[in-house]
Amino acid sequence: MTSLTIHSAGPAMSVQDLGRSGLLDAGISRGGAADRLAIFEGAALLRQSPELPVIEMMGMGGAFSVNTDCRIALTGAPMRAVADGQELTWNASHLLSAGTRLSIGGCRMGSYGYLHLGGGVDGPRALGSAATHLSAGIGKVLAAGDTLPIGPDGGQGTGELLAQDDRFEGGTIRIVASFQTALFSEQEQARFAATHFKRDARANRMGVRLTPPEGGFAPPDGRNVLSEVIMPGDIQITGDGTPFVLMSECQTIGGYPRIGTVLPCDLPRVAQTPAGGSLRFAFVSLEEAVALERAEAARRKDLRSQLRPLIRDPHRMSNLLSYNLISGMIAGDEFE
Amino acid sequence: MSRAQSDFPRVMPAGVTGLLVSFDSTLSEPGNRAALAFRAAVVAEAWDGVEEVSSSLVSVLLRFDPLHISHAELSSRLTRLLATRRWYEAALPAGRRFWRVPTVFGTKAAPQLEEAAAAAGLSVAEAIASLSQARVRVETIGFAPGQPYLGELPEAWDIPRQSQLTDRVPEGALVVAIRQLVLFSVSTPTGWRHVGQTAIKLFQPEAADPFVLRAGDEVQFFQTTPEALQNMRRDPLGGATSERIRP
């Protein structure tokens with residue numbers, strides 16, 4: 001059986017997938033990858049199902065090896081990855097040979113990098129998913145010495161690349177008004193939309209804290225608001241006026257009022273904004289939001305057709321003569 | 001009652017992928033009853049495109065795929081369903097249970113009892129009597145796995161949350177605010193005041209049924225000593241017992 005051994009691990013590395021659906025009534029949020037788009041990109045690169053579990057690396061990667069040759073893909077926040085003395089292109093698929101040490105460093109930009117394996121991580125599942133959900137006490141962070149089973153790889157082909165988008169450096173986040181937005185005065189809503197926030201260093205899979213340059217956004221009587229259901233993307237204003245964008249591992253009910261909700265298609269950008277990165281929020285109508293989601297769903301569905309062969313730079317190839325230059329250019333399953 | 005009949009029930013967007021049916025602006029017994037019954041009714045409809053239905057204190061959330069069914073269409077189906085019954089008088093869910101949960105009130109184990117009693121205008125003895133005699137209903141499960149919001153407490157307990165968060169309360173902590181109790185299933189920061197401590201494990205991921213409590217169940221927190229509670233820690237239910245409530 002194929003397995004992956006972890007020789008060293010950053011502080012917040014975990015197995016993730018698209019999370020658990022249908023457990024809100026049991027108090028469990030969806031969880032799953034902080035950057036869901038990265039899951040779909042990895043699945044496209046390996047031409048496999050996006051349901052297969054992957055390894056999420058927050059801020060920092062680790063060192064890995066596999067016991068049999070294994071297809072891998074690297075997505076999300078670009079990190080320096082080296083195997084066998086060669087630097088591996090990010091947002092691309094590669095073949096990792098048995099016994100070769102793959103070393104992944106810190107983020108060059110962004111916050112969450114992903115290591116995908118052909119066949120996926122075949123780890124323990126709880127409540128219908130393999131996703132580690134730390135705030136619910138499901139699973140654990142990965143650590144040096146852990147060995148993870150890898151599922152059978154039904155696919156083939158490596159050496160493909162997806163163009164990287166610009167979601168790793170902050171920017172403008174589209175939001176819609178939600179059922180508590182009216183608790184905030186129109187002036188406060190306008191001030192919120194005009195503010196340039198910094199992503200605070202305090203951010204994790206539960207929420208991302210935002211620092212406004214001046215004054216918070218407390219609504220009147222915030223301490224007596226009826227506790228209401230929360231979904232990832234809600235922007236909660238805590239008692240001291242600090243906004244938090246609630247992320248995949250958020251609580252399911254909360255008493256702090258929410259000024260708006262991030263569009264699902266913009267949540268990866270929030271997740272990936274690095275500490276100190278700048279974020280702004282723009283209200284869009286519900287109709288506009290649905291149209292943007294429709295466009296994103298189409299783009300996500302089309303990812304495989306965006307794959308390009310990974311062209312190796314001869315200057316970085318120490319063993320040029322050992323390469324089979326033709327097979328490196330073939331996508332793998334052109335007939336799909 | 002604060003519920004103005006003209007304003008509720010109300011259907012409102014919750015983000016891009018949700019609709020919230022709200023039955024009241026504050027917690028109320030009829031509003032909670034309506035939410036529990038309406039949730040069951042929406043589940044029974046099994047509408048295409050609806051991915052999840054859950055109830056909170058006095059509301060029901062539908063999470064759906066807006067690329068599959070539009071907000072307008074789902075909204076009008078909800079409005080039609082709302083008109084079919086008197087939801088505020090609906091029966092409570094079947095199969096409810098009554099739980100008795102051993103609890104240490106105050107002491108080092110629950111250090112904010114005095115402060116909470118003072119906020120409620122009660123002596124510590126009165127506060128313990130009031131909290132331990134109340135038979136409260138699980139209004140919803142949420143925040144953390146298997147974690148109940150319980151109510152409603154007598155009016156004296158209409159105290160606000162703290163303006164600053166308590167850094168951390170342990171698993172099994174019983175906390176109070178706004179005429180409700182929350183019994184924590186995880187260790188977490190909170191704005192509610194820590195008045196009691198139990199040994200019940202509300203979420204048991206390895207068990208066949210990982211969640212102990214269900215919305216509609218009733219709970220009483222009877223007083224025990226720190227020593228007795230320590231002995232009950234071997235039991236995953238922390239000494240709690242339950243019986244069925246006959247309809």
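Numbered from 1 within each chain, the chains take letters A, B, ... in sequence-line order. Heavy atoms only: backbone and side chains are in, while hydrogens, waters and symmetry mates are out.
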Does B:W192 reach the side chain of B:T166, with side-chain heavy atoms less than 4.5 Å apart?
no
Decide whether A:H133 and A:S248 meet the rule of one side-chain donor and one side-chain acceptor closer than 3.5 Å.
no
I need the residue from B:A215, B:P205, B:P145 with the largest number of non-hydrogen atom pairs under 4.5 Å to chain A.
B:P145
So, is the end of the B:R33 side chain (NZ or CZ) under 6.0 Å from the ring centre of B:Y88 and within 45° of the ring's axis?
no
Identify which part of B:P148 has an atom lying under 4.5 Å from any heavy atom of chain A, answering side chain, backbone, both or neither.
neither
So, do B:F143 and B:Y149 have ring centers that fall under 6.0 Å from each other?
no
When heavy-atom pairs shorter than 4.5 Å are enumerated against chain A, which of B:E206, B:H71, B:E52, B:R10 gives the highest number?
B:E52
Answer whether the closest heavy-atom distance between the side chains of B:L183 and B:Q147 falls below 4.5 Å.
no
Do B:L131 and B:V195 come within less than 4.5 Å of each other through their side chains, counting heavy atoms only?
yes
With a 4.5 angstrom heavy-atom cut-off, which part of A:V176 approaches chain B: side chain, backbone, both or neither?
side chain
Residue part contacting chain A, namely of B:T140, when any heavy atom lies under 4.5 Å:
side chain
Would a distance-only check, ignoring hydrogens and angles, find a side-chain to backbone donor-acceptor pair under 3.5 Å from B:N32 to B:L57?
yes
Can you confirm whether or not the ring centre of A:F184 sits under 6.0 Å from the ring centre of A:F192?
no
Candidate list A:R280, A:R36, A:R174, test salt bridge (charged side-chain N to carboxylate O under 4.0 Å, His left out), partner A:D266, passing option
A:R174
Could you look at B:R214 and say if it's the side chain, the backbone, both or neither that has a heavy atom under 4.5 Å from chain A?
neither
Below 4.5 Å, heavy-atom pairs only: which of A:S227, A:G254, A:A289 has the largest tally toward chain B?
A:S227
Could you tell me which portion of A:L263 (side chain, backbone, both or neither) has an atom closer than 4.5 angstrom to a non-hydrogen atom of chain B?
both
Of all of B:P13, B:P66, B:S22, which one pairs up most often with chain A through heavy atoms under 4.5 Å apart?
B:P13
Contact origin within A:A126 toward chain B - heavy atom pairs under 4.5 Å
neither
Side chain, backbone, both or neither: which part of A:T261 has a heavy atom under 4.5 Å from chain B?
side chain
B:R63 versus chain A, heavy atoms under 4.5 Å apart: side chain, backbone, both or neither?
side chain
Please look at A:L286 and chain B and tell me whether the side chain, the backbone, both or neither of the residue comes under 4.5 angstrom of a heavy atom of that chain.
side chain
Using a 4.5 angstrom heavy-atom cutoff, name the option from B:Q164, B:Q180, B:R39 with the most pairs to chain A.
B:R39
Counting only heavy atoms closer than 4.5 Å, note whether B:L20 contacts chain A via side chain, backbone, both or neither.
side chain
Side chain from CB out, backbone as N, CA, C, O: work out which of these in A:A297 comes under 4.5 Å of a heavy atom of chain B, or both, or neither.
side chain
Pairwise side-chain contact, A:V15 with A:L142, heavy-atom cut-off 4.5 Å (strictly under)
yes
In terms of heavy-atom pairs under 4.5 Å with chain B, the winner among A:T181, A:D25, A:T252 is A:D25
Whatever's closer than 4.5 Å to a heavy atom in chain A on B:L165 counts as side chain
Can you say whether B:L27 sits under 4.5 Å from chain A via the side chain, the backbone, both, or neither, judging by heavy atoms?
both
Selection from B:G191, B:S54, B:A14, B:P210 maximising heavy-atom pairs under 4.5 Å formed with chain A:
B:S54
Choice from A:V290, A:L127, A:L23, A:L24 maximising heavy atom contacts with chain B below 4.5 Å:
A:L24
Given that the side chain runs from C-beta out, which part of A:S135 has a heavy atom under 4.5 Å from chain B: side chain, backbone, both or neither?
backbone
State, with a plain yes or no, whether a side-chain heavy atom of B:L74 is found less than 4.5 Å away from one of B:F64.
yes
Would you say A:F40 and A:L303 make side-chain contact, with heavy atoms under 4.5 Å?
yes
Between A:E228 and B:S59, a side-chain donor and acceptor under 3.5 Å:
yes
Donor-acceptor contact below 3.5 Å, side chain B:Q112 vs main chain B:R193
no
So for B:V186, is it side chain, backbone, both, or neither that comes closer than 4.5 Å to the heavy atoms of chain A?
side chain
